[in-house]
Every structure is written in structure tokens, then in C-alpha cells.
Number of protein chains: 2
Amino acid sequence: MADITNARGYPIGAMSRETGVNIETIRYYERIKLMPQPDRTAGGNRQYTHDQLKRLSFIKRSRELGFSIDEIRAMLTMVDQDGVSCGEVHAMTVEHLGSVKEKIRHLKKLEWALTGMAAECAKGDVPDCPIIETLFDER
Amino acid sequence: MADITNARGYPIGAMSRETGVNIETIRYYERIKLMPQPDRTAGGNRQYTHDQLKRLSFIKRSRELGFSIDEIRAMLTMVDQDGVSCGEVHAMTVEHLGSVKEKIRHLKKLEWALTGMAAECAKGDVPDCPIIETLFDER
DNA sequence: CTTGCATCTGTAGTCGCTACAGATGGTACG
DNA sequence: CGTACCATCTGTAGCGACTACAGATGCAAG
């Protein structure tokens, strides 16, 4: 009397469509044990549950926010053990935020340098390109 | 009567020290033909010229500015052919600048999202961590 | 029953390095 | 001249996070 509604799970293609995660990547996540091994049809095709779909979206969203696979694994382990320590998650987020800020600072410096270089360049087909000169010059 | 001063070139360690490029990386650049094959001592050790040192610094500086190996290869090809088209170099720089700006924009969005998530979290060991919730929630 | 897309496994490639292992080169000191 | 010892050599494998095949099946619609 169970398993009548929703008896059939999501095949991998549906998972991919729903989450935007590439099929190959989903299988990769299984290989590295970020996603569990799903049920299989008689023929051997993967059949995912709705919970697994949510898990994959979680991974996707976290990746988009720049968390590493290992960071995500840590968070999911807590979720799996039902022992989510908000403190730990907060700490991870803050640390990650720090590295994002750092990257922004770094990229802004690049932006500056590149803008300066581009501005100095007359764009003509002259032999001495100021950009190349800048890059080649002794420190 | 030639080759008396500067007869001995720079060994790879000196190149590394001068430019800050890792020794393994210098050999890697040779393998992928970004750096030329240098002369060798009788025993087989690499001996670089001053021009090659400058070339390596060029690569280093360009890498620091975020240019890809292929972009650098393109610039160096122009330099090697002595047909530096300032227009092309300028175009590459501007395009690269565009992608840097894009990255900054992207990271700022992340910064926002992460800041928001971190702020909502009470850090307590409560069962429902707002960060995890946010990441898990349906779109 | 056939067509044809979806999915399967397994392996190798991507980028830009980095890290070995195990064998020589080169040089300073006694 | 020998020896100690660092520098350098080649070649291969690993990293992170996928991506891209090849070649074999599954499965659903007409």
C-alpha cells in the first residue's frame, strides 16, 4: 500500500534539467561520494528521490557561492548526521566570505593596472607597444 | 674574441630566484613551448641568457595580471615575429579587462549573498541553521 | 519491431601548475 | 684529489572540479 504515488524517481537527465548540473558532473559527485548511490531501475538506470534532488540543488547553490567540494562535504556531513552546528557553518561562511573579499581586492588591483596599460596604448601599429614595454621592462 | 663577458648564463635556480617563478614551472613552460629550449652545459644543465630571463619575467608579470597561457603565447608570438601589432595587444588587454570586471561583479554578488547569510545566523547550536536552510530551500 | 534518444561504464583530457623519485652535475672545502 | 652536499636532471603522477569521449545498453513512442 506504499510506493504508489511517486513510485518512479527522477532519472539522471531530469536531475540535470532541474538543477542545471551537468549529467557527467552528477555521476562525478557520486564517484567522490558527495551524492549517494541512488536506486536503479531493473535495467540499471539511476532513479533519484526528491530528497536527493534537493541535495543536488544544495550542492549546486553552494558551488555557485564558491564553496569548495570539501566545504560542501563538511556541511552535508553535518546535515547527514542531523547535527548541524550553526556555529561551524557560520565560521565556514565567514572564512569563505573573507577569501571572496580578498579575491575582489586582488582583481581590483588588476583592473587598475590593466586600465592604466590600456589607456597608455595608442593602438597604432607602431613598433613600441606600451603594453608590451610595460610587461617586458625590468622591475 | 667574443663570448668573454657573460659567457656563463643563468642556471635555472637563478632564473627562479630572479623572477619568482618556481623551477618546476620553468621546465613546464619549456615543455609547453612558452620558453625556448636553452643552451646546456657540458653536463646537461640549462643555461639561460638575459633575454630569456626577460621573457620569463614577462610571462610572470602577465600571469600575475591574470592573462592565460594562451593569451601570453599570442603576445609572445607577436614579439617573436617582431611584428607587434599594438592594436591586437590593446584589444586583448581590453577584452581581458572586461573579464576581470565581470569576475569582480560576480564576486561582489557572492559577497552580498554570503554577508546576508552570515548575518542571519545566530551561531547557536540550534537545529535550524539559517545558512543551511537558505542553501536547501526550493528556488 | 524499429527508431532513436537517454543512460550506462570506464578512461582520458583539460588548465596551470606542483610534487615526488632516483639519478647526475657542479662546486667548495680539506 | 676526494668527498660532501646542494643544484639540477628526467620522467611520471597528482591536484581540483569537472568535461569529453567511445562503445554498449535501456527504454518509450509510433
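In this structure, A:E30 does not pair ionically with A:R27, as no charged nitrogen and carboxylate oxygen lie closer than 4.0 Å. Comment: B:R105 engages B:E102 in a salt bridge, judged by a side-chain N to carboxylate O separation of less than 4.0 angstrom.
Taking atom CD of residue A:E71 and atom C1' of nucleotide D:dG16, one finds them 13 Å apart after rounding to whole Å. Whole-Å rounding puts the B:I23 CD1 to C:dT18 P distance at 12 Å. Per the geometry, CD1 belonging to B:I59 stands 10 Å off P belonging to C:dC17, to the nearest Å. Counting to the nearest Å, the P atom of C:dA6 and the CD atom of A:Q47 are 15 Å from each other.
Taking for each of B:G43 and B:I69 the nucleotide of DNA chain C with the nearest heavy atom, the 5'-most of the two is the partner of B:I69. Of the residues near DNA chain D, B:E24 and A:G44, the one whose nearest nucleotide (by heavy atom distance) lies more toward the 5' end is B:E24. Of the two residues near DNA chain C, B:R63 and A:I12, the one whose nearest nucleotide lies more 5' is A:I12.
Between A:H50 and A:Y10, the two ring planes are tilted [angle within 30° to 60°].
A:R73 contributes a side-chain N or O that, together with a main-chain N or O of A:I32, makes up a donor-acceptor pair within less than 3.5 Å. Under a 3.5 Å cut-off, the side chain of A:S16 and the backbone N or O of A:I12 do not form any donor-acceptor pair. Judged by distance alone, with hydrogens and angles left aside, the side-chain atoms of B:Q47 form a donor-acceptor pair with the main-chain N or O of B:G9 at under 3.5 Å. A side-chain donor-acceptor contact under 3.5 Å links B:Q52 to the backbone of B:T49.
One axis for each end of the helix from C:dC1-D:dG30 to C:dG30-D:dC1, each built from five base pairs, and the angle between them comes to 10° at 10° resolution.
The shortest heavy-atom contact between A:H96 and A:L65 is NE2-O, 2.7 Å.
Closest to the side chain of A:N45, out of D:dC18, C:dC17, C:dC8, is C:dC8.
Among the protein residues, A:R40 comes within range of the sugar-phosphate backbone only, with heavy atoms under 4.0 Å from sugar or phosphate atoms but none that close to a base. Contacts of B:N22 with the nucleic acid, taken as non-hydrogen atoms under 4.0 Å apart, involve only primed sugar atoms and P, OP1 or OP2.
Proximity of residues 25-38 of chain B to DNA chain D (heavy atom under 4.0 angstrom from any strand atom) is restricted to B:R27.
No more than 12 heavy atoms of other residues, nucleotides or ligands sit less than 6.0 Å from atom CZ of A:R17.
In this model, the phosphate group of D:dC27 is approached by a side-chain N or O of A:T41 to a distance below 4.0 Å at OP1 or OP2.
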